[in-house]
Amino acid sequence: MSTGAPPLSGPPKPQARALNCPKCGAAITLRSFGQAVTVVCSSCRCILDAKDPNLAILQQFEIKTSDVKPLIPLGTRGKLRGTDYEVTGFQRRSVMVDGITYYWHEYVLFNPYKGIRYLSEYNGHWNDISICKTLPSADGGGATYLGEAYKHFQSADANTDFVLGEFPWQVRVGEKAGVTDYVHPPRVLSSEKLEKEVTWSIGEYMYGREIWDSFKLPGDPPEAMGVYENQPSPVATNVTGMWVAFAAFAVFLLLLMGVFDMRAKKEPVLQQTYRFDRAEVKGEPSFVSDEFALTGRTSTVEVKTFAPVSNHWIYLNYALINQDTGQAWDFGREVSYYYGHDSDGSWTEGKQNDTVVIPSVPAGHYYLRIEPEADPSLPSIPYTVEIIRDVPVFGIYGIAFLALLVPVVIICFRAYTFERSRWSESDHPPVQLSSGSGDDE
Amino acid sequence: MFRKLYLLYGALVLSTAAFGQYRGWSLDTVNQVKNVPKSVRDNPGSYRSVYGFYHHYTGGK
């Protein structure tokens, strides 16, 4: 009787093959079928020949690293960048640099139709790795792959410390390979030389969270420590492009300054010389100027004061008052100028003129209330007050310039420190400043 | 992304500078007072400046 299911089409669905370890008899499941060259018995740590129907023992290694557990358990399935994969192998590898051993982990991923790819993990940094499809060209300082230039990062001898699961090559614990990495973040191009065979692979940086989401792993991925060789910079931007943009903005700012400077009316509306005479000021010293008109749009008003003070001061309480609306701008200005000689030589302080710019003054009829005060030792002094309508304020451009400059400097500094951290772990560390140990002898 | 953000930010800075210049912004501090009586024109002493109690610097090194 028919089940009603449509007949299967296409290639037959692969099935995992169950075998037993010839050494300990533990069950071994071959997941990657014909792709597996060696398989490791998880019970007795025997490396077996997966191509041999009897699973010949190739190597047995001591379990000195019983605490080595894959972060992604073997057999875990997930969708990595749109393709389903199953984790079929795991190995821990290490390099020794300056007497320090650095460990990283590699996972073998298998898809029956797409084949093998790899994940590597070092201190919470992950890479999605596949074998290069074409042969890169390399020299001492760099390599080129698919038209992209890679910088040499590090060369070292990598040791295989621990293996588990299936591998598409003759894996051995204790095997050493010469590994050279070239980087072009977020990619890393690696060559691995084992005797006369060189294997090139290309990796792309992945964040732990992406891996966890891909394989639906519980909990959180281990936190990434430090800066990895091909980790994308958090300020992944073209620093030169930022400076070009800044330069373009600076030019616009200059143009803006020129246009507003040309359009500013700079119209003198009052110029009057007064005299502060202590003998004449018996009661109220304040007085008002003649009325003057400020025309045009709401704009600036500049008030200039000149007084020929010499080792004295004069202070003027000003109020620019709109006769029509009663609105006033109240401000006080001091003009003082001192000079002399001392053991350091001659000195001066202050100046005989002062300028203030009153912001956003609308058109109307105005007068200036002036209330002068002066140094008690000064019996009489003239002073000139000049009022100019619609003057440009260049300080605004200065602030704008700084506002444009600061983000670029911050981004460049962050990019520089990140790259410095990256390359400090390479064979080409940036020049270190002297630590200044203070061994003064 | 930073560059796009910076381009937006820079355009905003330039626009603000241009607007400020057009509206007559200034970096100097002045005190605004409203409803000053018209009588101040004839009687300037009736107005009390907020800077009237300024402590003057007597200057010199």
Any idea which heavy atoms bring [X] and [Y] closest together, and the distance?
{"X": "B:V30", "Y": "A:W329", "result": "CG2-CD1, 3.8 Å"}
{"X": "B:A17", "Y": "A:A400", "result": "CB-CB, 4.0 Å"}
{"X": "B:V40", "Y": "A:R369", "result": "CG1-CD, 4.3 Å"}

Contact part of [X] toward chain B, heavy-atom cut-off under 4.5 Å: side chain, backbone, both or neither?
{"X": "A:P392", "result": "both"}
{"X": "A:F246", "result": "both"}
{"X": "A:L256", "result": "side chain"}
{"X": "A:N322", "result": "neither"}
{"X": "A:I399", "result": "side chain"}
{"X": "A:S289", "result": "backbone"}

Closer than 3.5 angstrom, by distance alone: can the side chain of [X] be matched with the main-chain N or O of [Y] as a donor-acceptor pair?
{"X": "B:S26", "Y": "A:I358", "result": "no"}
{"X": "B:R23", "Y": "A:T300", "result": "no"}
{"X": "A:D330", "Y": "B:N31", "result": "no"}

Is the number of heavy atoms from other residues, nucleotides or ligands within 6.0 Å of [atom1] ([X]) greater than 12?
{"X": "A:F413", "atom1": "CZ", "result": "no"}
{"X": "A:F394", "atom1": "CZ", "result": "yes"}
{"X": "A:K265", "atom1": "NZ", "result": "yes"}
{"X": "A:F292", "atom1": "CZ", "result": "yes"}
{"X": "A:R209", "atom1": "CZ", "result": "yes"}

Pairwise distance [atom1]([X]) to [atom2]([Y]) - rounded to 0.5 angstrom:
{"X": "A:R333", "Y": "B:D28", "atom1": "CZ", "atom2": "CG", "result": "5.5 Å"}
{"X": "B:Y6", "Y": "A:L404", "atom1": "OH", "atom2": "CG", "result": "4.5 Å"}
{"X": "B:K38", "Y": "A:T325", "atom1": "NZ", "atom2": "OG1", "result": "8.0 Å"}
{"X": "B:R41", "Y": "A:I321", "atom1": "CZ", "atom2": "CD1", "result": "9.0 Å"}
{"X": "B:L14", "Y": "A:F249", "atom1": "CG", "atom2": "CZ", "result": "6.0 Å"}

Most contact-rich option vs chain B, by heavy-atom pairs under 4.5 angstrom, among A:A403, A:A264, A:A245, A:A248, is A:A403

Between A:G395, A:S360, A:S299, A:P407, which residue shows the highest count of heavy-atom pairs closer than 4.5 Å to chain B?
A:S360

Any chance the side chains of A:E371 and B:Y47 put a donor and an acceptor closer than 3.5 Å?
no

Any B:Q21 side-chain heavy atom under 4.5 Å of A:V393 side chain:
yes

The interface call for B:Y9 against chain A, heavy-atom contacts under 4.5 Å, is side chain

Heaviest contributor of heavy-atom pairs below 4.5 Å to chain A, chosen from B:K34, B:K4, B:Q32, is B:Q32

